[in-house]
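Structure record follows, encoded as structure tokens.
Naming: A, B, ... by sequence-line order, numbering from 1 per chain.
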Amino acid sequence: MQDHPILNELEELRKKGLESLQVVQDELGLQNWKVANLGRSAPMTQIFSQMKTVSAEVRPLVGERVNQVKKEFEAALEEHAAAIKQAMLNKSLTSDAVDISLPGRRPAHGRLHPQTKMLREIYRIFGDMGFQVYRARDVETDEYNFELLNIPAYHPARDMWDTFYTTKPGVILRTHTSPGQVHVMREYCPEPIRVILPGMCYRYEQISARSEIQFHQVEGIMVGKHVTMGDMKGTLTDFARRLFGANARTRLRPSYFPFTEPSGEMDVECFVCHGAGCQVCKNSGWLEILGCGMIHPTVLRNGGYDPSVYSGFAFGMGPERISMLRNQINDIRNFWANDVRFLEQFS
Amino acid sequence: MKIPLSWLKDYVDIDLPLDQLARLLTMAGLEVDEIHTIGLPIPHSDHSEFKFSGLEWDREKIVVAQIDEVMPHPNADRLVLCKLKDGTGEYIVLTGAPNLYPYKGQGPLAQPIKVAYAKEGAVLYDGHAAGLELTTLKRAKIRGVESFSMVCSEKELGISEEHEGIIFLEPDAPTGMPLVDYIGDAVFEISILPNMIRNACVIGVAREVAALTGKTLKKPVPTHKATGPSLKGKIGIKITSPQLNPRFAVGMISNCQHAESPYKIQRRLRLAGMRPINALVDATNYVMLETGQPLHAFDYDVLVKRVKGGVPTIITRTAAEGEKLTTLDNVERTLKDYTVLVCDTEGALSVAGVMGGLESEITESTKTVLLEGAAWNFINIRKTMSYLKLNSEASFRFARGIHPELCPEAIQLCLDRMAEWTGGEIYSDLVDEYPLPAKDPMVTVTTNDVTRWLGIDLTADKIASLLRPLEFVCTVKGNAVEVKTPPYRLDIGEEIIGVADVMEEIARMYGYDAIPATRLSDEMPPQRNNPSLEREEMVRDLLVKFGLQETISYRMTSPEREARWLQPVDKSAIDLDYVTLQNPIAVDRRVMRRSVMASVLETLQKNIRLSNRLMLFEIGQAYLPQKDNILPTEPRQLAIALSGRRETPAWDKKDNNTLDFFDLKGILEELAEGLHLEKVSFTPTTADGFHPGKCASFTCGDVTLGVFGEIHPLVKERFDFLQAPVLAADIDLEALLNVIPPLMTTSPVPLYPPVLEDIALTVDEAVPAGKVEALIRQTGGKNLVDIRLFDIFRSIQIGAGKKSLAYSLTYQAPDRTLTDQEVAQIRGRIVKRLDQELGAKLRA
Ligand SMILES: [Zn+2]
């Protein structure tokens, strides 16, 4: 009974079926194998049609055996399908590998000019202290650029500025942002004032790695009834710490500007050598970053404020100089030359 | 200003190390730029803070020595052998110093010559090298004589460039003493601030040091008696304008012998940067450096000769326009009518306060010196020196204001030195005209003023004690101090200005370092936005986001440079009004720009061969002269220029398309959207500089914001651009910023799904796509929420002169899902309308 021919045939089908499954290598092969071995016209399914030739007692045995083989086939198919999927995945993972050393595709993007970024940084720091931006004109009168700032004609202090004169008498290119002080005072008087005045200034100089005919300046002015030199020192020290780092050391030393009295200059400890002396700080350990002072009584008066009641301080700095120090730019001419090879470095 | 330490120590005791002294001066406003040591050791510290240079002299190896005999060299004419003692023994030293030749073969010298002696191993400068080259003294055989040491010149010791002969020290120099202890020095290079001319002299610096260190200032006092006759009747003085010449004083010395000044004086002059000439001239320079008062020496006998033996009269007056004078430097100067001259009755002798004349200068044969000490109007001196382009030590000082009180003292000191160095006899008195005495302001400073200005609380006594060492005369009255300005300075004003000036002196003496840093406590001013700046920054940020690079250009240009952009292609020239510079730095930077666009196109040109893709923009002022105002308007403009490849190059991208009109238009569309502009439109237009078929205006409502497009081929030629199109947008920034709405609104997120469909329409080639789109939008109504052109197609099937425009339409209602019938209805209306108005046919 065990070796009923139909059972032998079944066993033969089972062997062949499982063998043929082993050589199947892809999804299509699996489909074909499934149709060939488990489909309606599969030999195994055909066995049922031969059932009538089988004796009744053997019949259940054959039926059971067919079902066993079918289950075995299904399990084998599932297992083999999983293996194929894994093999294909492995293959694709290998073949899809890329040469990661090829350069990446960079998104195209634009850039601000480095000095726009520098100015914004200054605006932000002073903005936090309540100073707002006030802009004034570039082409100025001698009166606003000099006279009202306590710099009469032929005054020794005029040596400090080499001026571009226009062909119109009394009209010059501003040599500093300071004329804005008088403009803002006249506009806001008698309110207290806290503003910064950024802008382009011009000086008649030989263009070199160190000096330019055109440069930005950011002026600041504060006017009120209780404004002291100590406040000036505190404000500018805070500014320096925010720009150069919380531990930046500063010093304030006397200087001279005709529109301030007392006048000073603030140095920050060289952030390249930390005071030990290097090329950047010319061995002094200090970098001069701004000029400042208490607003001269004459200037306050010219702005409409009574110097016996009001006081104030003013300061001015060169953003290009600060950028040069911070980014170790050794030639100021880079700023307006607009060579993209320079500009592209400031992302 | 160069201040030798040894000289400074004549007037104030100093026990500070070099760097501490430099810090003290710097923190008081006398900024030390450099310290040049002459033999003294250079401090070695991590935080020296100052630039040191110079040569340190070895104490053992460089000493004072004496030459007792100068002997000829057996086989060299130009060399001598010196018998020399250095305190430890006697040596024979070989030298070629020419100033020893006169002593050769005289046997033992009656008075030994004191010299600077360097022994084997000493580090010196090479006297024969062109610059400053260090060398170590080694044992050598020169012409058969062994040499292991040398007597030194100033150059070898780093004192000066002088290498003509060796140094002869004063006869009382102690043999064997380390040279550094005898003449070791350090020169402080100090920047003199414009208001601190009082400190452009050794006494001035000494006064500061004394005040800052609590020491006493020891002013020099003349030691020679004025034993000569009275000057009365020997000279007349006539001042024609006391405003220009408030004081003119003269003294006189006769029977001077021609001489060199002592070695110490010559050395000091050199260290201070002046060249020794002879004892008389050196005395005037020395006293100027010492006191700050420039002096001028005349040869009195020349003056007498000029008036044919009569009594000379000095007249100070302004020149006649065009009057001429040959100055000391042998240059004939043509003078202005404001130039003040020192003259006699025969004519001009010198340009007052600036430079002496050639004729009456001191020479080797001068016996009698008339010494002038005067005060001049500093503004007038400045005008003169800037006109004559003449910068002398005297004019540098006079142009910043020298107090008239200094004259007599300086004259007496100078005559004293002349007497000492030339053996002359000093006249017993001065002739002194002082028609306009200086007023030394008196101001009252209160303790409250100090608190209000400086933020520190000082008592009146403390204030006075800070000021007195600077010679302010202070009277304390309760909380006030009456402060009288000392008669050596002109920088203190009257009333509240004087208070401010004195305040700086209080702060300097108190120490800027000691003033506490405080945070602002004053009332917060009204806070204001700056919309123009804020919006401008928004525009910058948007353009950067779109991939553009910002530039900032020179605002100075030339009409020719700008004409490349501004001159119409059909004109051969253009005449524009510019803000023109009187003193341009160069011809091509002689005007202020009218067009930011021209700047950006220049930048594009400069970079076009450096980068295959350029997208640039600049925001900045242009300068437009006005008819009715001396000042120009300064409108802010936005200029954009693009050229090159559309895609950034990459290793697998093969797209070589170049940027064109629609890339620029896209940027402007995106900019308008980013700024939430409403009613933006683009209209075909023509404008100078642009390709007439690729040019449009950019408007918002009825405000024109600018013009953009491809630049005209002929303009392209002017700039030497490459083949790729150059796109430019010239935008009126102020107009753009003005149309930005203060607020933007949003629409709700749709709740119901959209219905999407594509339609293709065939129209005549001449029909603008914009018109088709506008009609679709208008007809579609509120439920047609988006229209996107996705294809333009031309073919024989469609027919010549026709094009097919394919649109993706999005229908959506806020309150329901639209049905197919509703959508079909809208589409039907659109198609019918387009057919009626534009003859458009729906393509199947
Ligand atoms: Zn450094």
Roughly how far, to the nearest 0.5 Å, is the [atom2] atom of [Y] from the [atom1] atom of [X]?
X	Y	atom1	atom2	answer
A:Asp339	B:Leu610	CG	CG	5.5 Å
B:Arg452	A:Met294	CZ	CE	8.5 Å
B:Ile456	A:Thr228	CD1	OG1	9.5 Å
B:Lys606	A:Asn338	NZ	CG	6.0 Å
A:Phe164	B:Gln582	CZ	CD	12.0 Å
B:Gln621	A:Asp138	CD	CG	4.5 Å

Is [X] in contact with chain A via its backbone, its side chain, both, or neither, using a 4.5 Å heavy-atom distance?
X	answer
B:Thr26	both
B:Trp453	both
B:Met196	neither
B:Phe378	side chain
B:Thr451	backbone
B:Arg590	neither
B:Ser611	side chain
B:Leu614	side chain
B:Leu581	both
B:Met27	both
B:Ala399	backbone
B:Pro516	backbone

Chain B heavy atoms under 4.5 Å from [X]: which part of the residue, side chain, backbone, both or neither?
X	result
A:Phe313	side chain
A:Arg301	side chain
A:Tyr310	backbone
A:Phe335	backbone
A:Val309	backbone
A:Met222	side chain
A:Ser263	both
A:Ile172	neither
A:Ile193	backbone
A:Glu205	backbone
A:Val195	neither
A:Val227	both

Quick check on the interface: out of [options], who has the most heavy-atom pairs with chain B under 4.5 Å?
options	value
A:Thr237, A:Thr298, A:Ile213, A:Thr235	A:Ile213
A:Glu265, A:Lys168, A:Gln115, A:Glu344	A:Lys168
A:Tyr134, A:Tyr165, A:Tyr123	A:Tyr165
A:Met232, A:His109, A:Gln214	A:Gln214

Check this for me, if you would: do [X] and [Y] make a salt bridge, where the nitrogen-to-carboxylate-oxygen distance has to be below 4.0 angstrom?
X	Y	answer
B:Glu536	A:Arg135	yes
A:Arg253	B:Glu31	yes
B:Arg519	A:Asp231	no
A:Arg120	B:Glu537	yes
B:Glu34	A:Lys282	no

Closest contact, heavy atoms only, B:Tyr512 versus A:Lys233: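 Minimum heavy-atom separation between B:Tyr512 and A:Lys233: O-NZ, 2.7 Å.
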Smallest separation among heavy atoms of B:Ala500 and A:Glu261, with atom names: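 Minimum heavy-atom contact is O-CG, 3.2 Å.
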Less than 4.5 Å apart, any side-chain heavy atom of [X] and any of [Y]?
X	Y	answer
B:Thr580	A:Thr166	no
A:His216	B:Ile552	yes
A:Ser284	B:Phe50	no

Does any donor atom in the side chain of A:Gln132 or B:Gln527 lie under 3.5 Å from an acceptor atom in the other side chain?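 Yes, a side-chain donor-acceptor pair sits under 3.5 Å.
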State whether the side chain of A:Glu191 and the backbone N or O of B:Pro526 hold a donor-acceptor pair below 3.5 Å, judged by distance alone.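 Side chain of A:Glu191 to backbone of B:Pro526, a donor-acceptor pair under 3.5 Å: no, none is there.
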Check whether B:Thr518 reaches the backbone of A:Gly230 with its side chain - one donor and one acceptor, N or O, closer than 3.5 Å.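 Yes, B:Thr518 side chain to A:Gly230 backbone: donor-acceptor pair under 3.5 Å.
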Chi angles and distances behind the side chain to side chain contact (heavy atoms under 4.5 Å, CB included) call for B:Ile585, A:Tyr204: CA-CA 7 Å; B:Ile585 201 93; A:Tyr204 179 81; 4.2 Å; yes
Stepwise side chain to side chain contact (heavy atoms under 4.5 Å, CB included) test for A:Leu343 and B:Glu550: CA-CA 8 Å; A:Leu343 299 175; B:Glu550 190 194 12; over 6 Å; no
Within a radius of less than 6.0 Å around CD of B:Glu647, do more than 12 heavy atoms belonging to other residues, nucleotides or ligands occur?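 Atom CD in B:Glu647 is packed in, count exceeds 12.
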Verdict with reasoning, A:Leu112 to B:Asp541, per side chain to side chain contact (heavy atoms under 4.5 Å, CB included): CA-CA 8 Å; A:Leu112 290 170; B:Asp541 284 338; 4.3 Å; yes
Looking at A:Trp336, is B:Arg555 sitting on its ring face, NZ or CZ under 6.0 Å from the six-membered ring centre and within 45 degrees of the normal?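 No.
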Cation-aromatic face contact A:Arg137/B:Tyr623, 6.0 Å, 45 degrees: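 Not satisfied by the 6.0 Å and 45° rule.
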Could you go through the side chain to side chain contact (heavy atoms under 4.5 Å, CB included) check for A:Arg111 and B:Leu548 one step at a time? CA-CA 7 Å; A:Arg111 296 167 187 86; B:Leu548 278 75; over 6 Å; no
Please step through salt bridge (charged side-chain N to carboxylate O under 4.0 Å, His left out) for the pair B:Glu523 and A:Arg194, ending with a clear verdict. CA-CA 10 Å; B:Glu523 180 192 348; A:Arg194 278 187 211 191; over 6 Å; no
